[in-house]
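Below is one structure; the comments refer to it alone.
Everything quoted here is computed from the prediction, not taken from an experiment. Side-chain atoms are counted along with the backbone in the values below, which use heavy atoms only and exclude waters and symmetry mates. Residue numbers count from 1 along this sequence.
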Amino acid sequence: MHSEVYTDGVDEITVNGTIVRVDLVSLSPTERDANNNPKAVFRQRLIFSVEAFANSVEVMQKALQGLVDAGVVKRNQPRAVTGTPNTPSGSDERVSPAVTDKPRPPNSSANFR
């Protein structure tokens, strides 16, 4: 039997040499933040080699494109962000579920500031 893990998202990605650590979180049913929203609580860590992480990202990008093509999620219009090192134009493209127009917050990881 294979165990399965549910996650509400990724909280932190840490790169140390040739190792990439990805911390998975889920929303707590009991813990709340100052705005009374469920807190994201660490649940499990994935540990990859850099090569395995890069391959995994490629697989996830293909899956995301399939979801976009199927209309399950939509890409928001890129917005100009000064000093964004990830794109040459300085734009920051995000993806959000098609059922909501609420923008997603940017990655809060210190590794991407």
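Applying the side chain to side chain donor-acceptor pair (under 3.5 Å) rule to Asn55 yields no partners; only residues at least two apart in sequence or on another chain are considered. Contacts of Asn16 classified as side-chain contact (heavy atoms from CB on, under 4.5 Å), with partners at least two apart in sequence or in another chain: Arg21. Partners of Arg45 under the side chain to side chain donor-acceptor pair (under 3.5 Å) rule, at least two apart in sequence or in another chain, are Asp23.
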Only distances under 3.5 Å count here; give the side-chain donor-acceptor pairs of residues 24-32 to other protein atoms, sequence neighbours excluded, each with its distance to 0.1 Å.
from	atom 1	to	atom 2	distance (Å)
Ser26	OG	Arg43	NE	2.6
Ser28	OG	Thr30	N	3.1
Ser28	OG	Thr30	OG1	3.4
Ser28	OG	Glu31	N	2.8
Arg32	NH1	Asn36	O	3.1

Could you pull out every donor-acceptor pair under 3.5 Å between side chains of residues 62-71 and any protein atom, sequence neighbours left out?
from	atom 1	to	atom 2	distance (Å)
Gln65	NE2	Asp69	OD1	2.8

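Note: Asp11 CG to Thr14 OG1 = 9.5 Å, rounded to the nearest 0.5 Å.
Linking Ile, Leu, Val, Met, Phe, Trp and Tyr whenever their side-chain heavy atoms come within less than 4.5 Å puts Val15 and Val10 in one cluster.
Within the structure, ring-ring contact (aromatic ring centres under 6.0 Å, His included) contacts touching residues 7-50 (residues at least two apart or in different chains) are Phe48-Phe53.
Alongside Ile47, the hydrophobic cluster contains Ile19 (criterion: ILVMFWY side chains under 4.5 Å). When hydrophobic side chains of Ile, Leu, Val, Met, Phe, Trp and Tyr are connected at separations under 4.5 Å, Val59 ends up as a singleton with no cluster partners.
With Asp33 contributing its side chain and Asn35 its backbone, the two residues share a donor-acceptor pair below 3.5 Å.
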